[in-house]
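Everything numeric here is computed off the predicted structure, so don't read it as measured data. Just follow the structure's listing: the first ligand is 1, and inside any ligand the first atom is 1. What you see below is based on every heavy atom in this structure, not just the backbone, and it leaves out hydrogens, waters and symmetry mates.
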Amino acid sequence: RPVVLALQFTPVQRAGQVVRVIVEGREITGQVEAVREAHLARAALEALLENVQDGIVACDAEGNLTVFNRMSREMHGLDRAEIDPSQWSRYYDLFEVDGVTPLPQERVPLYRALRGELVQGAEMVIAPRGLARRTVVASGGPLTGPGGQALGAVVAMHDITDRQHAEERLRHEALHDRLTGLPNRSLLHSLLEKTMQRFEREPNHPYAVMFLDLDDFKNVNDVYGHLTGDRLLLETAARLKDAVRKTDTVARLGGDEFAVLLDAPCDEVNALRVAERLQRAMARPFRLQRDEVRVSTSIGLANARRAYTRTEEPLRDADTAMYVAKRRGKNRTVLFEQSMHDQAQERVDTERQLRDALRDGQFRLHYQPIMELAPGRCVGFEALVRWQHPARGLLGPGAFLEVAERTGLIVPMGAWVLREASRQLLEWQADPQLSHLLVSVNLSGQQLQVEAGGEHDLLAMTFPEGLHLEITETSLVDTPEAMRTMRALHRRGVPLMLDDFGTGFASLAAAQRFPVDTLKIDRSFVAPLPGDGDDRHSAIVASVVTLARHMSMRVVAEGIETPEQARAVQDLGCRFAQGFLFARPADAEVAAAFARAHA
Ligand code: C2E
Ligand code: CA
Ligand code: CA
């Protein structure tokens, strides 16, 4: 095995003459290998530094750069041979992680490390002039010799730009509506929060919040399908954004619900003007497939108030005002007033109590006779729901039906009414004196729309013979599903009555389109009878009776209160009637006695 020797030659002189040379040999094989290994290690380290995917920078104790590997040159946009390393710092800028605040020298990771600090997870933005900026996370620390003396510092930087983009995308998605790209509810809340804080500092700089809901949007989805419905929502988003200023925010809260935050100084007059503009923008017809469709909008408006402390409050009030707009007939803007809040609170209470009522069986049925006029005979009853309220006593539908409709509680409640009326009818039918009676039950449009197989699917129920269903035309035209259910009920032989006839928009058309057996003429036509010279109402009743006869339908006149009215409708050809004149709605026992007395 070869060895490496270090030879030392020492000449020995005598009188100026070299007489001998002493050669000393020392084996240094180990040392030479150590040096070679050191070289190798250094080369390996350099290769590693050049190829590693993180940026590595190091400097000596004086702050002179000793390492600036390929990745860090790339990160800083310095990966070009022509750039003189002493000029490097002129080719990029460093920012805080927000991307805008310049990073001061003392916060640059390598300087911090050089000061002896252990740097961990420091995020910053490197912005090479003219190149894409990167976000990096830097870690490093001081370099010290074996005796603790400062040798310099080293820092490694990891590129997290992609991760940050992904995070930004996620953040964007979390704060925006997927379909329209508009801010969503949670972003609206945080924007509103800033606005409210500003209003607190500058009370003469008010804001306003609007809730918008498209009227009858469900029809569009039902008739044209969801894709077209989505296109309408996109177009709505665009129109709303166009109609407000850049500083205002249009948000989508879900479904066909939008909100607008008017941020720039905006008093009540201004806000109403903007609402008017939004209404106008929405009133233009939408092109859907081949059709032009008009969609109206209900808007609730809440103006800034000192009393508002949380973002939920103005939004809640705008929502409340929006509901009032719907109740007042849609297609309008309503400004929030405090009295609405109290009513809204009452509705919330009612909802809770209604749930208890369902659970605890607090509903009752009252029955109002339906009379055949000529002999004055009771042919049956209309079942009318009542609520035996634990505190407020016996309540009529006026006190709770609207809340039941709005919350969907009408569906289970209606199912109970149907079961109870059916049970009562079967009981009466077992009595020979009462077996001829019919019972009619009022249906809500929502009951016609329960999905097939659902818990309260009408088509899954069985009704005794003699049970009639009453439905108003306004709840019918709502959806194709309702039509389907109606037809299926009709095929099964369940008699249908068109209630409140004459109050809808297309009464005669509805009477022809729906498979109905009976028309119930609304009280409003009966009340003015007998006519006092102006015989418009008589003419309407007469023509309804004629129409019904042509279509072999029965007619019931509702709301007869006086003998004169009874005579008038009878003269006009109406065979059946209902009203306080004959009897008020009463419980089953009273009703049965009435039927026996008027058989
Ligand atoms: P409706 O179907 O038109 O029922 C007739 C309403 O007029 C009843 O009011 C009845 O008490 C009242 N009425 C009867 N005769 C006269 C009269 O001569 N003069 C006057 N001024 N009123 C008369 P009620 O019981 O308060 O019911 C109101 C509405 O609530 C009903 O109007 C119906 O639409 C709805 N409703 C009642 N029960 C139910 C139910 O079980 N389910 C559903 N979905 N709705 C119901
Ligand atoms: Ca009715
Ligand atoms: Ca009616």
Side-chain angles (χ1 to χ4, degrees), residues 354 357-358 362-371 373 378 380-388 394-425 438-450 456 458 467-476 478 482 495-504 507 510 516-529 544 555-566 568-569 576-588 590-591 594:
L354 268 178
L358 263 173
Q362 295 169 4
F363 292 114
R364 306 280 180 267
L365 284 187
H366 276 188
Y367 297 89
Q368 183 179 39
I370 301 173
M371 306 297 290
L373 283 165
C378 173
F381 295 97
E382 173 175 6
L384 295 159
V385 71
R386 300 288 180 264
W387 178 7
Q388 189 63 56
L394 193 69
L395 301 178
F400 59 90
L401 218 54
E402 192 195 310
V403 175
E405 285 273 359
R406 197 164 50 75
T407 54
L409 287 170
I410 189 79
V411 173
M413 190 199 85
W416 177 85
V417 170
L418 278 166
R419 279 198 307 276
E420 172 58 16
S422 299
R423 189 199 61 73
Q424 185 61 62
L425 180 57
L438 68 84
V439 166
S440 69
V441 171
N442 292 284
L443 279 192
S444 149
Q446 287 186 51
Q447 289 175 272
L448 294 170
Q449 293 172 46
V450 172
H456 301 297
L458 280 182
L467 189 97
H468 290 51
L469 297 177
E470 295 194 11
I471 181 90
T472 63
E473 57 180 282
T474 34
S475 58
L476 264 189
D478 265 351
L496 301 174
M497 300 177 149
L498 202 50
D499 201 0
D500 300 348
F501 186 75
T503 56
S507 299
V516 291
D517 309 85
T518 306
L519 299 183
K520 298 189 82 173
I521 300 185
D522 191 67
R523 188 161 69 234
S524 54
F525 295 96
V526 173
L529 296 178
V544 169
V555 178
V556 180
E558 292 190 293
I560 305 290
E561 294 181 352
T562 67
E564 291 76 29
Q565 286 171 341
V569 295
F576 301 94
Q578 229 181 303
F580 292 168
L581 171 66
F582 313 106
R584 292 189 175 250
D587 65 30
V590 174
F594 182 90

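The aromatic rings of W387 and F363 lie tilted to each other, with the angle between the two planes from 30° to 60°.
A 4.5 Å side-chain heavy-atom check between E420 and V385 finds every atom pair outside the cut-off. When side chains are defined from C-beta on, L418 counts as touching Q447, because their heavy atoms get closer than 4.5 Å. Using a 4.5 Å cut-off on side-chain heavy atoms (C-beta onward), I410 and L401 make contact.
Looking at L365 against ligand 1, nothing comes within 4.0 Å, counting heavy atoms.
Contact atoms of ligand 1 toward E561: 17 (C), 18 (O), 19 (N), 20 (C), 21 (N) (distance under 4.0 Å to a heavy atom of the residue). When each atom of ligand 1 is checked for a heavy atom of D500 under 4.0 Å away, the hits are 3 (O).
Taking 4.0 Å as the cut-off, S444 counts as a neighbour of ligand 1 on heavy-atom distance. Look at R386 and you'll find a heavy atom under 4.0 Å from some atom of ligand 1. Contact between P585 and ligand 1 is present, with at least one heavy atom of the residue lying under 4.0 Å from the ligand.
Note that atom 9 (O) of ligand 1 has no protein non-hydrogen atoms nearby, at separations under 4.0 angstrom. Taking a distance limit of 4.0 Å, we find that atom 41 (O) of ligand 1 is approached by some protein heavy atom.
Looking at residues two or more places apart in sequence or on another chain, you find no salt bridge (charged side-chain N to carboxylate O under 4.0 Å, His left out) involving E564.
Around the Ca ion (ligand 3), the protein N, O or S atoms found under 3.0 Å comprise D499 OD1, D500 OD1, E558 OE1, E558 OE2.
At the top of the distance list for atom 31 (C) of ligand 1, counting protein heavy atoms only, stands L384 CD2, 4.3 Å.
Closest to atom 46 (C) of ligand 1 by heavy atom, among I471, L581, D499, N442, is N442.
The residue from D499, V526, I370, V569 that alone fulfils the side-chain contact (heavy atoms from CB on, under 4.5 Å) condition with E558 is D499. L469 pairs in a side-chain contact (heavy atoms from CB on, under 4.5 Å) with only one of the listed residues (L443, D517, V516), which is L443.
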